[in-house]
Amino acid sequence: MSKIVTTHMLECYLDETLTDAELARVEQELRHSPTLREQLRQIIKDQDRGEHSVGAVWRRQHLTCLSRDQLRNYLLGVLDAGENDFVAFHLQTIGCAFCMANLADLQAQQKGTDAETKQRRKRFLQSSTGIVQPPKKKK
Amino acid sequence: MASESDRLLIQQLRNGEERAWEIFIARYEGRLLAYVNRRLRDRAASEDVVQETFLGFRNSLPNYDEKRELQTYLFSIASYKLTDYLRKVGRHPLQHVDGNSDILNQQLDVQKAASSAARSSERKALESDAVARSLTALLDQWRHAGEFVRVKILELLFVKGWANRDVAKFLGVSEQHVANTRFAAVKKISEHIRDAGLPADVFPELREEPS
C-alpha cells in the first residue's frame, strides 16, 4: 500500500508478484537508489544462505495461482461471484505474473490460431529443436 | 507435479518424437511469450527470449524432474533467460552495481541449487513443504466454504507483506477480523511445522508480532 519500496516489495520483485504499476516503481527506484540496490543484493544473499519466509514459500509454490480452467471460466464469465472476485483480485491486486501470462495466452487463443502464430511456432520449432517440418503436399 | 498429459508429452519428447515438440511448443509458447513480453514490451526481443527458453528446456530435458510442474519449470527457465537478456542489454537494475555479478548469477540459477548455505537445501525444502502443506489445507478449507475474503486477507498479509490496517482498509473488513485470520493461519502453520519436528521460528512471520 505504501508508496515507499519496502523489503517485502523487493522480495515480490524477485518472485514476480508485483502489479504493473508496482513493478515500474520498483525498477525505477532500483535504477536511482544505490541503497535500494544494496538492499536487493542483501535479500538475494540471505535467500542463498537459506533464509526464507511464509510469503516466499507461498509465492514460489504458487499456492493461490489459478488453474487454466479457472482462468478460462473467468474469461467466459461463468464463475460464481466469490470465485470470480478472487480471480480478479489475484490478477489485479497481487499481480501474479504467471497467472497474467496464462490469462493473456487464453485471451489470444479465444481469437483463434492465426497465420502469424503458426509462423512463430514454426520458427520456435526450427530454431529450438532443429526440427524442420517437411512442406505439406499439395492435394 | 507434472500433469498426466505433460508427463506423457515429456516421455514422447525424451523418445525423440518430432510431433511431440510441435505439441509442446503450441501448448507453452503463448503463455511464455506473454510472460516475457510483459517485462520487455518488445515483441521481437520477447520471441528471442522464448526461443532461448525452449533451447534451455531441450538441453535440460534429461535432468527434468517430473515431480515439478512443467509450467513452473518453464517459467523458471524463462525468468532466467529474461534476466540474462536484461543484463546483456543493460536494463537489469543490478547491472552496474560494481561489475561483480556473482550474486546475481546465483540468484539466476534455475535449479536454485548448490549454496554454501548455513542450512542445507534439503532442510529448507522440508520446511517449505511443511508450510505449503499446512497453508494449502487451510486455503482449500476456506475456498470450499466460499470464504474468499479470508484467502485474500492471508494473501495480502503474507504474499504482499501489507500491514493489518492496510489489509482491513483495502478489503473493507475490521482489523480484528484480519488479526483473527492471521492468528488462525500462524497457529495452524506453527503446529504443522512442530508436528514435522521442525523449528517454526525460521519463518519471520511466525515469530513476529503483527504490525
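Just so it is clear, the model here is predicted, and its values are computed rather than measured. Reminder, nothing fancy here: chain letters follow the sequence lines and each chain counts from 1.
A/R59 places a side-chain N or O within donor-acceptor distance of the main-chain N or O of B/V159, the cut-off being under 3.5 Å. B/E205 places a side-chain N or O within donor-acceptor distance of the main-chain N or O of A/V54, the cut-off being under 3.5 Å.
One finds the CZ atom of A/R121 at 13.0 Å from the OH atom of B/Y28 (value rounded to the nearest 0.5 Å). Taking OH of B/Y35 as the start and SG of A/C99 as the end, the distance is 12.0 Å to the nearest 0.5 Å. With values rounded to the nearest 0.5 angstrom, A/S128 atom OG is found 11.5 Å from B/F57 atom CZ. In this structure, the separation between OG on A/S127 and CG on B/D48 is 9.0 Å, given to the nearest 0.5 Å. Summarising the geometry, atom CG belonging to A/L63 is positioned 6.0 Å from atom CG belonging to B/L135; distances are rounded to the nearest 0.5 Å. With rounding to the nearest 0.5 angstrom, the CD atom of B/E18 is 8.0 Å from the CG atom of A/L125.
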*Begin from the C-alpha positions of B/D129 and A/Q61 and carry the test side chain to side chain contact (heavy atoms under 4.5 Å, CB included) through to its verdict.*
CA-CA 9 Å; B/D129 286 348; A/Q61 301 216 16; 3.7 Å; yes
*Check against salt bridge (Lys or Arg N to Asp or Glu O under 4.0 Å), B/R38 and A/E16*: CA-CA 11 Å; B/R38 177 181 178 238; A/E16 314 251 13; 5.1 Å; no
*Any chance you could lay out the side chain to side chain contact (heavy atoms under 4.5 Å, CB included) test for B/R31 and A/L106, step after step, and finish with the verdict?*
CA-CA 8 Å; B/R31 66 192 88 172; A/L106 290 169; over 6 Å; no
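For chain B, the option among A/L18, A/N102, A/L30, A/L103 with the highest count of heavy-atom pairs below 4.5 Å is A/N102. Between chain A and the options B/A185, B/A78, B/G56, B/G161, heavy-atom pairs under 4.5 Å are most frequent for B/G161. Your options are B/V50, B/I189, B/L32, and the one with the most heavy-atom pairs under 4.5 Å with chain A is B/V50. Between chain B and the residues A/H62, A/R68, A/Q109, the most heavy-atom pairs under 4.5 angstrom are made by A/R68. The residue among B/L156, B/N59, B/T53 with the most heavy atom pairs within less than 4.5 Å of chain A is B/L156.
Within a 6.0 Å sphere centred on CD of A/Q110, other residues, nucleotides and ligands contribute more than 12 heavy atoms.
With a 4.5 angstrom heavy-atom cutoff, B/R133 does not touch chain A via any of its atoms. Heavy atoms of A/A108 lying under 4.5 Å from chain B are absent altogether. Contact of B/L154 with chain A is made through backbone and side chain together, with heavy-atom distances under 4.5 Å.
Within residues 141-148 of chain B, the residues having any heavy atom less than 4.5 Å from a heavy atom of chain A are, in residue-number order, B/R143, B/F148.
Using a 4.0 Å cut-off between charged nitrogen and carboxylate oxygen, B/R41 and A/D20 count as a salt-bridge pair. The residues A/E22 and B/K160 are annotated as salt-bridged, a charged nitrogen and a carboxylate oxygen being separated by less than 4.0 angstrom.
Heavy-atom minimum distance, B/V151 versus A/W58: O-CH2, 4.4 Å. Smallest separation of non-hydrogen atoms from A/A101 and B/A34: O-CB, 3.6 Å.
A 4.5 Å side-chain heavy-atom check between B/S128 and A/H52 finds at least one atom pair inside the cut-off. At least one side-chain heavy atom of A/V57 sits less than 4.5 Å from a side-chain heavy atom of B/F203. Put simply, the side chain of A/E51 does not reach to within 4.5 Å of the side chain of B/V202, judged on heavy atoms.
Partner of A/R120 under the side chain to side chain donor-acceptor pair (under 3.5 Å) criterion, chosen from B/E47, B/Q51, B/E29: B/E29.
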Using distance only, find each side-chain donor-acceptor pair of residues 82-94 of chain A under 3.5 Å and give its atom names and separation, not counting sequence neighbours.
from: A/E83; atom 1: OE2; to: A/Q70; atom 2: NE2; distance (Å): 2.8
from: A/D85; atom 1: OD2; to: B/K152; atom 2: NZ; distance (Å): 2.5
from: A/H90; atom 1: ND1; to: B/E155; atom 2: OE2; distance (Å): 3.0

